[in-house]
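Worksheet for the structure shown next.
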Amino acid sequence: MDIPKNLDGQYDPADHEARMQQAWQDADCFNPDNQPNVDSDKEPFSMVLPPPNVTGTLHVGHAMMVTVQDILARYHRMCGQETLWLPGTDHAAIATQSKVERQLKEETGQSRFDLGREEFLKKVEGFAVESHATITAQLEKMGASVDWSREAFTLDEAREKAVRTAFRRMYEAGLIYRGDRVINWDPVGGTTVSDDEVDHVEETGSFWTFRYDADFPIAVSTTRPETKLGDTAIAVHPDDERYAEYVGQTLEANFLGVDLEIQVVADDEIDPDFGTGAVGVTPAHSMTDWDIAKRHDLPLKQVIGEDGRMTAAAGDFAGMTVNEARKAIVEKLDEAELIEETEEVTKNVGRAERTDAIIEHLPKKQWFVNVSKKFKVESSKIDGIEAGEEITLKELMQTAVASGQINITPDRFEKNYNHWIDNLRDWCISRQIWYGHRIPVWYHESKCVPIEGREEDVSKCEPFIVSDKSHDAEFPCPHCGAKYIQDSDTLDTWFSSGLWTFSTLGWPEETKDFKRFHPTNMLVTAYDIIFFWVARMILMTGFLLEDVPFTDVYFHGLVRDGEGVKMSKSLGNTMDPVDVINEHGADALRMALIDGTTPGQDSNISDEKIKKFSKFANKIWNATKFVMMNLPDSYTHEKPAEITGEHQAYLDQLAAKVDEVTANIDKFQFNLAAEKMYEYFWHVFADEIIEATKGQVYGEDLDEKEKASALFTLYEILTTSLTLLHPFMPHLTETLWQELPDTDGLLTITTWPNADKKTNA
RNA sequence: GGGCGGUUAGCUCAGCUGGUAGAGCAUCUCGUUUACACCGAGGAGGCCGCAGGUUCAAGUCCUGCACCGCCCACCA
């Protein structure tokens with residue numbers, strides 16, 4: 001028999017991958033509404049794509065995430081479950097805005113303030129559109145079986161409504177509040193950032209022990225003398241006899257020309273053995289000092305401004321940058337012989353994740369989510385929480401996981417998660433940037449900001465309105481005609497991504513999709529956003545739906561280069577998935593990402609590894625060619641009356657392999673499933689079984705019964721293998737499936753070999 | 001200061017609930033067999049970080065230690 005004409009030569013993915021993607025799109029089978037192989041007895045399977053930031057292009061880390069999810073989606077779809085994998089993108093507020101700001105600066109030298117809010121936002125949106133097009137093209141190229149008809153964007157109209165509704169409901173429950181607190185201020189980005197957006201870098205610096213003035217009885221230590229201009233107290237341990245006589249007193253000091261009133265307080269948190277045992281308390285510029293100040297009702301004195309310069313309260317040092325002031329203060333202290341000791345120490349310096357600016361701690365009025373305030377749960381769907389129970393967001397987040405309702409793979413991350421929640425402070429959700437969901441609060445201009453000369457009767461007017469409705473940035477007050485003006489801040493990007501599993505399904509409307517697909521089944525993501533995102537999703541879903549967002553979380557590791565070095569643009573070792581796909585095919589890339597990697601473990605991707613699987617693809621191509629060359633012209637796959645003992649043993653081995661691979665996928669052991677199929681197809685099927693049957697299917701003096709038995713066995717093993725490999729190598733397997741003589745329709749909606757055995761699929 | 005991960009063949013890594021060590025690449029020998037040279041047959045190469053313990057049996061479980069890496073935490 002001749003070589004099948006479409007299988008001539010070697011396998012070249014470039015000839016087939018796009019064709020197969022088109023065939024799937026044409027059949028529209030990734031849209032669960034049109035999925036033809038749904039088994040109505042089975043539960044649906046749903047997942048959201050963690051929305052990539054619209055800040056550029058996808059990298060191999062995304063490819064890993066997409067591969068794992070696509071394996072799951074295709075597997076569950078083949079098992080007959082109505083399967084939804086919902087794609088989308090994230091506006092990534094600060095990340096996107098700062099990227100566009102940098103571009104603007106480089107190209108025109110302008111800042112966002114030169115352009116103005118409206119013009120600048122147009123620029124950002126233009127950039128986002130471009131980036132979005134790149135990302136969707138990349139996802140398609142990887143073979144992601146997502147349902148594009150349901151695509152969402154964290155900043156589109158439907159999501160805006162979800163965000164406003166969420167904000168309002170949390171506000172009404174008393175969980176969102178506006179308050180003064182010390183926040184993390186990014187002086188370069190000109191915005192607050194949350195605790196999680198601060199990276200701590202170890203740097204060396206001096207640690208000075210000094211007195212405010214020569215007559216002051218207590219010495220204090222600091223790495224940041226410039227903040228000491230804002231000291232309003234000294235805290236000591238209650239049992240510390242050295243300072244007992246001063247506790248309760250208010251001492252006067254003149255610190256390099258600035259008058260200080262220092263209250264001496266006793267606080268259990270102070271370590272008497274560290275430094276002098278006395279801490280200069282700076283409530284305005286330290287979060288821990290702020291806490292101390294709250295406990296002792298201490299006043300607050302801000303000496304550093306939002307521009308990173310000393311304020312008027314800093315006396316002679318006003319107007320200096322923080323660094324200049326530090327230097328000047330140390331010099332003057334030195335001259336006045338007030339420094340008792342200078343030590344070199346290593347210290348953690350907080351830097352803004354996006355701009356790398358050194359974070360300043362400043363007191364500022366911001367919006368927060370209170371994670372420690374009890375609220376009443378109306379009708380709980382969370383295991384371990386009863387309807388009517390009073391609970392905090394922290395407790396809710398921990399219960400959802402501790403109860404086992406949310407299962408984390410690998411489970412060691414559960415510890416991380418709990419530990420983070422234990423230490424969680426209120427979540428600062430307002431940002432002073434322009435790109436994002438504007439805070440849905442409107443302030444009454446005459447009530448909140450009294451305007452001179454106006455005498456409207458404002459007794460009926462609300463000072464501000466929190467609304468889930470769509471309003472303009474300004475609208476007239478129905479009572480007095482003055483204006484309501486919207487808060488100029490935007491929300492932390494994770495506020496909207498926290499709603500992602502249900503905002504994408506139409507919430508707050510009770511849509512069919514929402515009822516059918518929520519809670520979702522799986523969340524697949526890298527472990528580095530467990531706090532940013534996973535925890536916030538559990539928080540938001542827990543409060544708003546009194547439910548969990550998903551029942552399984554799978555964390556994959558970070559992807560490094562072949563030498564195990566973290567990929568970065570500056571090192572030039574980044575890998576664009578599209579380049580790899582163009583050269584070796586998406587299937588080879590997918591297998592290379594899965595092979596030899598375990599959940600949560602960082603892995604290396606190398607050219608060598610990718611080649612391994614492009615060779616494997618070629619092997620499958622050729623084995624299929626061999627089987628087809630030996631089939632009769634109009635082969636139909638029917639079991640012959642007699643299967644020889646030898647062949648039956650092969651089929652039994654195959655059945656066992658099906659069970660093993662299925663079990664591996666069910667347990668999220670994708671590496672084992674992939675390695676098993678590699679080993680089986682190449683070294684068992686190709687090397688042994690095909691070789692052993694060669695003399696039985698072609699040549700002289702054939703036993704016709706044995707030949708029929710052999711051909712049936714070969715075809716059975718081949719088609720079953722292609723089916724098992726489909727979630728991993730969808731393009732190649734679909735291509736071959738289309739060439740085989742007795743296959744029906746698309747492989748991607750063909751039933752998984754032992755799908756009927758699976759009870760809870 | 002807490003927590004987590006890693007330490008297995010020259011390199012990069014698998015090894016699920018404990019039962020006499022595996023893959024790819026590299027290396028050596030042989031083979032132009034009509035699916036595939038992106039191939040086949042065969043070989044060499046491992047006190048499974050160190051030290052104890054549990055067990056009939058440990059790379060796999062327990063304890064301690066060492067080194068590498070990561071995360072969290074502003075000892076002011």
Side-chain angles (χ1 to χ4, degrees), chain A residues 1-4 7-12 184 195-196 198-200 202 207-209 220-224 227-228 231 234-235 269-282 285-289 292 345 347-350 359 361 410 412-413 415-416 418-420 422-423 527-528 530-531 557-558 560-564 566 584 588 592 595-598 600-630 660 663-664 667-669 671-676 678-679 682-683 686-687 690-691 694 698-699:
Chain A
M1 179 162 183
D2 300 329
I3 294 171
L7 301 190
D8 199 12
Q10 316 266 29
Y11 175 58
D12 184 356
N184 303 298
D195 294 347
D196 302 282
V198 180
D199 286 333
H200 294 279
E202 212 167 69
F207 183 59
W208 293 277
T209 300
V220 295
S221 305
T222 186
T223 55
R224 298 202 54 190
T227 65
K228 299 286 104 181
D231 281 10
I234 281 178
E269 294 290 304
I270 307 304
D271 175 1
D273 298 324
F274 186 82
T276 62
V279 180
V281 181
T282 322
H285 299 293
S286 155
M287 288 197 186
T288 47
D289 289 8
I292 295 174
V345 294
K347 210 203 167 256
N348 278 330
V349 176
I359 291 292
H361 295 295
R412 61 185 141 92
F413 286 110
K415 222 172 190 174
N416 264 15
N418 281 322
H419 185 253
W420 179 81
D422 285 340
N423 294 308
Y527 62 76
D528 58 350
I530 177 167
F531 309 133
L558 276 23
R560 306 172 191 281
D561 74 6
E563 273 71 52
K566 196 169 179 175
H584 300 286
D595 176 59
T597 66
T598 47
Q601 196 63 37
D602 295 350
S603 61
N604 302 345
I605 179 100
S606 60
D607 222 38
E608 193 179 86
K609 214 162 163 186
I610 295 163
K611 279 184 186 146
K612 171 180 176 182
F613 290 102
S614 66
K615 279 159 72 174
F616 182 48
N618 193 50
K619 190 75 186 177
I620 298 170
W621 175 266
N622 280 297
T624 305
K625 191 196 297 178
F626 171 82
V627 172
M628 285 178 68
M629 283 170 69
N630 289 288
E660 284 174 38
N664 284 143
K667 287 191 269 183
F668 310 134
Q669 296 165 333
N671 61 320
L672 295 182
E675 286 156 25
K676 209 160 272 171
Y678 177 90
E679 147 72 20
W682 196 314
H683 301 299
D687 289 349
I690 286 183
E691 290 306 321
K694 274 186 177 171
Y698 67 79

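Model, not experiment: these values are computed from the prediction. Labels below follow one simple rule: chain letters A, B, ... track the order of the sequence lines, proteins then strands, and each chain is numbered from 1.
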Non-neighbouring partners of [X] that pass salt bridge (charged side-chain N to carboxylate O under 4.0 Å, His left out), sequence neighbours left out:
X	value
A:Lys676	A:Glu660
A:Glu691	A:Lys694
A:Asp289	none
A:Asp195	none

Contacts under 3.5 Å, N or O only, protein and nucleotides 29-32 of chain B:
none

The side chain of A:Phe626 lies closest to which of these nucleotides: B:A35, B:G24, B:A37?
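For the A:Phe626 side chain, the nearest candidate turns out to be B:A35.
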Strand RNA chain B in bracket notation, Watson-Crick/G-U under 3.5 Å with | for pairs to another chain:
(((((((..((((........)))).(((((.......))))).....(((((.......))))))))))))....
Scan nucleotides 5-8 of chain B against the protein and return all N/O pairs shorter than 3.5 Å with their distances rounded to 0.1 Å.
| unit_1 | atom_1 | unit_2 | atom_2 | d |
| --- | --- | --- | --- | --- |
| B:G5 | O2' | A:Gln601 | OE1 | 3.1 |
| B:G5 | O2' | A:Gln601 | NE2 | 3.0 |

Using a cut-off of strictly less than 4.0 Å, decide whether A:Lys667 has a side-chain nitrogen or oxygen near OP1 or OP2 of B:C16.
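Looking at the OP1 and OP2 atoms of B:C16, neither is under 4.0 Å from any side-chain N or O of A:Lys667.
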Any chance the side chains of A:Thr597 and A:Asn671 put a donor and an acceptor closer than 3.5 Å?
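Side chains of A:Thr597 and A:Asn671: no pair found under 3.5 Å.
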Once ring-ring contact (aromatic ring centres under 6.0 Å, His included) is applied, do any residues pair with [X], and if so which ones, sequence neighbours excluded?
X	value
A:Phe413	A:Tyr527, A:Phe555
A:Tyr11	A:His16, A:Trp621
A:Phe668	none

Protein-to-nucleotide contact annotation, 5' to 3' order, nucleotides 70-76 of chain B [B base; S sugar-phosphate only; - none; under 4.0 Å, heavy atom]
--SBBBB
Just call it for A:Lys612: base, sugar-phosphate, or nothing, with non-hydrogen atoms closer than 4.0 Å on any strand.
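Since only primed, P, OP1 and OP2 atoms lie under 4.0 Å of A:Lys612, the category is sugar-phosphate.
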Can you list the residues that meet the side-chain hydrogen bond (donor to acceptor under 3.5 Å, both in side chains) rule with A:Lys609, with sequence neighbours excluded?
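side-chain hydrogen bond (donor to acceptor under 3.5 Å, both in side chains) check on A:Lys609 returns nothing, list empty.
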